[in-house]
Amino acid sequence: MDYTKLTLHETKQALKNGEVTSEALTQAYIDRIGAVEPKLDAYLATTFDSALEHAKAVDKAGNAGDGLAGIPYALKDNMCTKGMTTTCASKILSNFVSPYDSTVYAGLKDAGAVLLGKVNMDEFAMGSSTENSAFKTTKNPWDTTKVPGGSSGGSAVSVAADMAAFSLGSDTGGSIRQPAALCGVVGMKPTYGLVSRYGLVAFASSLDQIGPFTKDVEDCAIVLNAIAGYDHRDSTSLNVPKVDYTQDLTEGVKGKKIGVSKSFAGEGVQPEVQKAMDEAVAAYKDAGAEIVEVDFNYLDQALAAYYIIACAEASSNLARYDGVRYGVRAKEYSGLIDMYRKSRSQGFGAEVKRRIMLGTYALSSGYYDAYYKKAMQMRTLIVEDFNRIFKSCDVMLTPTTATTAFGIGEKTADPLEMYMSDLFTVPVNISGMPAISLPGGLDHEGMPIGLQLIGPALSEDRMLKAAYVLENAVSFRASAKPALD
Amino acid sequence: MKISNEEVTYVADLSRLEFSEAETARMGEELGAVLDYVATLNAVDTTGVKATEHILNVQNVFREDEVGQSLSNEEALANAPEAESGCFKVPRVIE
């Protein structure tokens, strides 16, 4: 029995039944990582010794299988883990050792989840392919000449290739949902504020949100249960009643309204992606849901506003990397200002510099009103547009991405073309709403297609129930698996 | 549109970044292309629209001003490229 092939909920059962120990399970994942990591380059750091120790302790405590106890997982390398490196896949943080734990990591540790290591990403979470990592290029397990998506590419691959039972990523403009779509796994961006950002290295603070990557929808509900909750150390954390997302997950969508919009169809959408959408619509009808047409008016404007807002916030957030308190300091410089300049110019990669420049430009004197203020006004209109849409439907169904995974190197020459791959995911971050991506089938090249469900703020339970229906109709895991062996 | 070399250099200085001549020209073109796309915002009339402050209804968070746990001096300096006498060390600022 290869336990790495099981879903998280199946693994919990196996642990509870005493079929397998957490130690043996952890060893199985370590062996699996050893076998496929050379082909995929997903992990930046592994913590196998402490993982095995932790697993043994859980076995000894006798609660393996309760919640996440004894379950091996991976973390995106932008979440702080005390005593370990947190590099954000950047040269400038290559030697940074976290002085404290992020809230999500501390919570998972307390729950008994077993950390296998920290996984690759686009530098500072800026990118859509994980090619912007300063350290390695992660490959898509379905075709290793293709990108896994990004920025949480390592998180997506670790789950898709059975190198972790689940993982966490962060989503600022689609960085969980887009790689989940491209790698054939489930990825959720929760409502802004539902999961604490304390200890998540900031990219764009008003958009960033941590969320799970899992093998299926039920797994997603289990992980969300563990990471959602109020945290006084994150001032944007929502103090809302705890919800058990696994409860009534199989309730169905009878009588529910599923919104679809023409804005997410047409030119630019790969025909096979559209076909998967059409099949999803049919599946919802069969399940007793009502399909309603909705208008979303601001798709292009959402992406335009996103790049101004995200870059403006990034230019401010990344000002802290100056070679003084942490990170890498340039070896040669003349004076303090030159030290800042040289440390930053040598430490940041091209995309990070581009976004700092764009953000600084948009915030600079004379341009603030034309760009930043305009984008924030646009943001208000987008929030209002979604509020209007969710008066006529319960959740909205769209493709996660217009196309399946593209080739490594295919879009690196043109930043704007790379940005366009976030077109369908960005509006969700702009409005703070939750969304989930789940597999909708394979295209003719055998690459996964992602479908996205969007709901109003704090509708994760409703969204998960709708996702569960679609997952059963698509039956993706039963029919497809990346061939790596 | 293309952002001029002068403007790129000005923004680079504000950003505490530096670029070679070739990089400066390229940055001007790349930023220009993104800003052209951003111009799609102008198709929407936002006159009188309030700029977003918070996407969800969040309140300011207050707490009692009580001394809590924080990093020790040693922990705070552990990642410093240079430290001396319990302080971060930087190049001379005042001549």
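So you know, we letter chains A, B, ... as the sequences are listed, proteins then strands, and number each from 1.
- Within the 4.5 Å cutoff, the side chain of A:Leu303 has no heavy atoms near those of the A:Leu299 side chain.
- Interface summary for chain B: among A:Val324, A:Ile308, A:Leu318, A:Leu358, the most heavy-atom pairs under 4.5 angstrom belong to A:Val324.
- B:Gly32 and B:Ile3 make their closest contact through N-CG1, 3.9 Å (heavy atoms, listed as atom of the first residue, atom of the second, distance).
- Considering all non-hydrogen atoms of both residues, A:Pro427 and A:Ala302 come closest at CG-CB, 3.9 Å.
- Residue with the most contacts toward chain A among B:Val34, B:Val38, B:Leu17: B:Leu17 (heavy-atom pairs, distance under 4.5 Å).
- Interface check for chain B: of the options A:Gly193, A:Ala304, A:Gly323, the most heavy-atom pairs under 4.5 Å are formed by A:Ala304.
- For A:Ile430, the part sitting under 4.5 Å from any heavy atom of chain B is the backbone (N, CA, C, O) and nothing else.
- Between chain A and the residues B:Leu71, B:Val49, B:Val90, the most heavy-atom pairs under 4.5 angstrom are made by B:Val49.
- In terms of heavy-atom pairs under 4.5 angstrom with chain B, the leader among A:Leu381, A:Val383, A:Val328 is A:Leu381.
- By the side chain to side chain contact (heavy atoms under 4.5 Å, CB included) test, A:Ala402 pairs with A:Val269, A:Phe424, sequence neighbours left out.
- Inter-residue side-chain proximity for A:Ile382 and A:Phe296 is flagged as met; some heavy-atom pair is nearer than 4.5 Å.
- With a threshold of 4.5 angstrom between heavy atoms, A:Met339 approaches chain B through side-chain atoms but not through N, CA, C or O.
- Only the side chain of B:Ala43 comes within contact range of chain A, with at least one heavy atom under 4.5 Å from a heavy atom of that chain.
- Of the two parts of A:Pro99, the backbone and the side chain both hold a non-hydrogen atom closer than 4.5 Å to a non-hydrogen atom of chain B.
- For A:Leu336, the parts sitting under 4.5 Å from any heavy atom of chain B are the backbone and the side chain alike.
- Considering every non-hydrogen atom in both A:Ala310 and A:Phe203, the closest pair reads O-CE1, 3.9 Å.
- Contact of A:Val97 with chain B is made through backbone and side chain together, with heavy-atom distances under 4.5 Å.
- Residue contact with chain B, scored on non-hydrogen atoms closer than 4.5 Å, involves the side chain of A:Leu416 exclusively.
- With chain A as the partner, the residue from B:Leu77, B:Val44, B:Val61, B:Leu31 showing the most heavy-atom pairs under 4.5 Å is B:Val44.
- Interface remark: B:Ala78 contributes no atoms to any contact with chain A (heavy atom separation under 4.5 Å).
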Would you mind checking chain B against chain A for donor-acceptor pairs under 3.5 Å and listing them?
unit_1: B:Glu7; atom_1: OE2; unit_2: A:Tyr367; atom_2: OH; d: 2.4
unit_1: B:Asp13; atom_1: OD1; unit_2: A:Arg341; atom_2: NH2; d: 3.1
unit_1: B:Ser15; atom_1: O; unit_2: A:Arg344; atom_2: NE; d: 3.1
unit_1: B:Ser15; atom_1: O; unit_2: A:Arg344; atom_2: NH2; d: 3.0
unit_1: B:Ser15; atom_1: OG; unit_2: A:Thr360; atom_2: OG1; d: 3.0
unit_1: B:Arg16; atom_1: O; unit_2: A:Arg344; atom_2: NE; d: 3.3
unit_1: B:Glu18; atom_1: N; unit_2: A:Ser345; atom_2: OG; d: 2.8
unit_1: B:Glu18; atom_1: OE2; unit_2: A:Lys342; atom_2: NZ; d: 3.3
unit_1: B:Glu30; atom_1: OE1; unit_2: A:Arg354; atom_2: NH1; d: 2.9
unit_1: B:Glu30; atom_1: OE2; unit_2: A:Arg354; atom_2: NH1; d: 3.3
unit_1: B:Tyr37; atom_1: OH; unit_2: A:Asp300; atom_2: O; d: 3.3
unit_1: B:Tyr37; atom_1: OH; unit_2: A:Asp300; atom_2: OD1; d: 2.8
unit_1: B:Thr40; atom_1: O; unit_2: A:Gln301; atom_2: NE2; d: 3.2
unit_1: B:Val44; atom_1: O; unit_2: A:Lys374; atom_2: NZ; d: 2.8
unit_1: B:Thr46; atom_1: O; unit_2: A:Gln377; atom_2: NE2; d: 3.4
unit_1: B:Thr46; atom_1: OG1; unit_2: A:Lys374; atom_2: NZ; d: 3.0
unit_1: B:Thr46; atom_1: OG1; unit_2: A:Gln377; atom_2: OE1; d: 3.1
unit_1: B:Val49; atom_1: O; unit_2: A:Gln377; atom_2: NE2; d: 2.9
unit_1: B:Lys50; atom_1: O; unit_2: A:Thr380; atom_2: OG1; d: 2.6
unit_1: B:Thr52; atom_1: N; unit_2: A:Met376; atom_2: O; d: 3.0
unit_1: B:Thr52; atom_1: N; unit_2: A:Thr380; atom_2: OG1; d: 3.1
unit_1: B:Thr52; atom_1: OG1; unit_2: A:Met376; atom_2: O; d: 3.2
unit_1: B:Thr52; atom_1: OG1; unit_2: A:Thr380; atom_2: N; d: 3.0
unit_1: B:Thr52; atom_1: OG1; unit_2: A:Thr380; atom_2: OG1; d: 2.8
unit_1: B:Asn79; atom_1: OD1; unit_2: A:Val97; atom_2: N; d: 2.9
unit_1: B:Asn79; atom_1: ND2; unit_2: A:Val97; atom_2: O; d: 2.7
unit_1: B:Ala80; atom_1: N; unit_2: A:Arg325; atom_2: O; d: 3.4
unit_1: B:Glu82; atom_1: OE2; unit_2: A:Arg329; atom_2: NH1; d: 3.1
unit_1: B:Lys89; atom_1: O; unit_2: A:Arg329; atom_2: NH1; d: 3.2
unit_1: B:Lys89; atom_1: O; unit_2: A:Arg329; atom_2: NH2; d: 2.8

